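Working notes, structure below.
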Amino acid sequence: MKDLAGKALIDEITPLRIFQKRRQFLIQAIKLGLISSAACHAHTLLSCEQRSSSTGISSDALTDSMTEEKKVTHYNNYYEFSTNKEVVHILARELKTSPWPLSIGGEVDKPLQLDFKDLIKTLPLETRIYRFRCVEGWSMVVPWQGFPLCALLEKVKPKSTARFVKFQSIYRPDEMINQRSYNFPWPYTEGLRLDEAMHPLAFIATGMYGKPLPKQNGSPLRIILPWKYGFKSIKAVQTIQLEQQATETGWMQSAPGEYGFYANVNPEVSHPRWSQRREVRLGQIRKQRTLMFNGYADQVEQLYAGMDLKIHF
Amino acid sequence: MPYKILHHILHIFSWPQRHLKPFKVLLFSACLLPLLSLSIAYFQQTLGSNPFSSFMQHTGLWSLNFLLMTLAITPLRRWLCKLSRHIHSIYGKRLADWNYLIRCRRMLGLWTFFYASLHFLAYLYFEMDFIWQEVLFDIKARPAIDIALINLLILLLLSVTSINHIRRKMGKYWRRLHRLIYLSFLLSLLHMLMVVKATQGYFYLYALIGSILLLERVLVHFGILHHQKGDTGMENDRS
């Protein structure tokens, strides 16, 4: 009896590592979440560093519990490898992520060409806990490590003529097996308006759960746009171009009636084949309501003021 | 004897004809297995990264599996009979020798309805949380749901009219009504195409097996494949 009772008690104690992680998370959330509401309207006046430090995460992420790491690493929409989400983590082992030459250019004063290894040395890493909502109706809450996208864009000094940003991944059918057979305008291409890209929530992730980004999750670096559907958050980025015109993204070319340029999370605008009102968190069996802009409306809705979101979906 | 092995296999296959009761008990238990494995996975939380999607896929695919098995009965009986004649087997040359297949068909059909209902209930509870406004919105937004509802109605109608008493009262109309099973199969495939990623292989496998089962009927009907006199797919066939 005694043994049984003793064992049960030990099992119920939260391991130290998780306990510390939780504390870290709480402290960060309170620090960042409380400031963010006050600083929201002053974004345009602040520099990138100041802006990003004020909008780490939204405070309501506190009520969301983080998704178990194994679920996030074993359920991946990564069409370069497979359309079957549960096998991507195996197929992605073939990808060689080092060296990883990066180029940031276009309408900029200081174009940049360097290896990923050298880039991360120059930028301080921070953690952001974001909700992530896939257009297919599943979602997760992930602690990403990385830096704000605007920090990188300010490095290259965009010209006044730059209005859009184009992101491109890689075309390596030798390593990415589904690029050989799946009909898609490879390499994967995504785009943003420059003001969206400069928004403090827009993030470049180089790690998650305190570890380097796994290959199946977009190693070595990917974009994270928590208020947009997951397919906008392009993985394994290799080139970033600032442009005068909006780019036609891969999904716009592949299925123009289904995927638009903005792809903001919007429960009121249905996909032609399904509703976007509900979503299921990985690891859970019951769906929950999807929030406008995935719950980041306070931070991002001013970007789309006056736009008809049914047309600009 | 070149067909010696075939003779043995046919003999094993005809075992249920002589022992229908125990065979039906066995079959019933086998039909419970997908439910059992699903329950175990549900309670042990081994449904994978997306338990919702796994649950829906499991119930949906098993409903379709049972529908295909139901559709396979008539051709299977026909071909077992043909095979027995071809190899001059002692037993099994008459369609009536394989009547036990027909006697099990209703059970398979009812299991189709059971797994389809479970699929539907999971949708209402897990996906819609029994919020009726959400269901209405979903019906408007997803053609796949309309198709599924029509399909469920068909399966309900077929299940209710499978009760012996009602069946006898319906006379010749029973067979005509139950031809709706072909429509049900086509609607199931369409529903699957719309909810599952079209790129995933399952769909083509089911479409292929289903087309073979339907095509066989068409060819037999038009006399392209040999048609046995009196073969109506019913128990009292004489041949």
Side-chain angles (χ1 to χ4, degrees), chain A residues 67-89 132 134-140 142 178 181-184 216-217 231 254-255 258 266-290 310 313, chain B residues 38-61 118-119 121-148 190-205:
Chain A
T67 305
E68 196 191 318
E69 184 183 352
K70 202 191 161 192
K71 304 257 190 297
V72 181
T73 55
H74 285 62
Y75 198 76
N76 314 95
N77 250 335
Y78 206 158
Y79 278 25
E80 282 86 339
F81 294 104
S82 173
T83 51
N84 180 349
K85 292 182 272 290
E86 270 141 315
V87 302
V88 169
H89 68 102
F132 181 103
C134 177
V135 72
E136 293 172 351
W138 55 270
S139 62
M140 53 193 184
V142 182
N178 209 31
S181 50
Y182 191 77
N183 189 23
F184 192 85
Q216 64 269 31
N217 292 89
F231 68 85
S254 166
E258 301 191 6
N266 187 342
E268 299 313 316
V269 176
S270 300
H271 184 278
R273 287 181 285 141
W274 62 84
S275 147
Q276 293 292 18
R277 299 250 284 214
R278 302 181 74 76
E279 69 192 52
V280 66
R281 284 282 150 82
L282 293 190
Q284 286 176 18
I285 197 161
R286 289 176 64 183
K287 287 202 172 187
Q288 59 189 73
R289 291 196 65 114
T290 289
K310 283 202 162 74
F313 57 88
Chain B
L38 181 66
S39 311
I40 291 171
Y42 176 79
F43 289 111
Q44 293 197 332
Q45 304 195 326
T46 53
L47 279 168
S49 289
N50 191 341
F52 167 77
S53 156
S54 307
F55 195 101
M56 294 307 282
Q57 209 175 59
H58 186 94
T59 49
L61 286 182
L118 198 57
H119 188 67
L121 276 177
Y123 161 77
L124 287 182
Y125 178 51
F126 296 144
E127 184 154 6
M128 294 289 127
D129 210 13
F130 291 125
I131 306 170
W132 302 111
Q133 300 98 293
E134 291 288 312
V135 178
L136 280 178
F137 187 95
D138 213 40
I139 291 171
K140 277 184 223 150
R142 295 165 74 182
I145 303 298
D146 304 308
I147 287 168
L190 199 58
H191 172 73
M192 187 181 177
L193 187 66
M194 290 167 122
V195 294
V196 179
K197 276 190 189 179
T199 44
Q200 272 176 10
Y202 285 137
F203 173 79
Y204 298 103
L205 184 66

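Below, each value reflects all heavy atoms present in this structure, side chains not excepted, and no hydrogens, waters or symmetry copies. Letters A, B, ... are given to chains in the order of the sequence lines, protein chains preceding strands, and every chain is numbered from 1. Fair warning: this is a prediction, and the values are worked out from it, not measured in the lab.
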#### Entry: Contact class of I145(B) relative to chain A, heavy atoms under 4.5 angstrom
neither
### Task
Enter the distance from Q276(A):CD to F137(B):CZ here, rounded to the nearest 0.5 Å.
9.5 Å
### Message
Under a 4.5 Å cutoff for heavy-atom pairs, which residue among A144(B), S49(B), A141(B) has the most contacts with chain A?
### Response
S49(B)
#### Entry: Validation row: M128(B), R278(A) side chains within 4.5 angstrom (heavy atoms)
yes
### Message
Nearest 0.5 angstrom please: M140(A) CE to N50(B) CG, how far?
### Response
11.5 Å
### Task
Measure the CZ-CG distance between R289(A) and D129(B) for me, rounded to the nearest 0.5 Å.
11.0 Å
### Query
Can you name the nearest heavy-atom pair linking Y125(B) to R286(A), along with the distance?
OH-NH1, 3.3 Å
### Query
So which part of Q284(A) gets closer than 4.5 Å to some heavy atom of chain B, the side chain, the backbone, both or neither?
backbone
### Query
Could you state the interatomic distance from OG (S275(A)) to CD (E134(B)), rounded to the nearest 0.5 Å?
7.0 Å
### Task
Return the minimal non-hydrogen interatomic distance between R142(B) and W274(A), and the atom names on each side.
CG-CA, 3.2 Å
### Message
Can you give me the closest heavy-atom contact between F52(B) and V280(A), atom names plus distance?
### Response
CB-CG2, 3.8 Å
### Query
Under a 4.5 Å cut-off applied to non-hydrogen side-chain atoms, are W138(A) and S53(B) in contact?
no
### Message
Any salt bridge linking D138(B) with R277(A)? Criterion: basic side-chain nitrogen under 4.0 Å from a carboxylate oxygen.
### Response
no
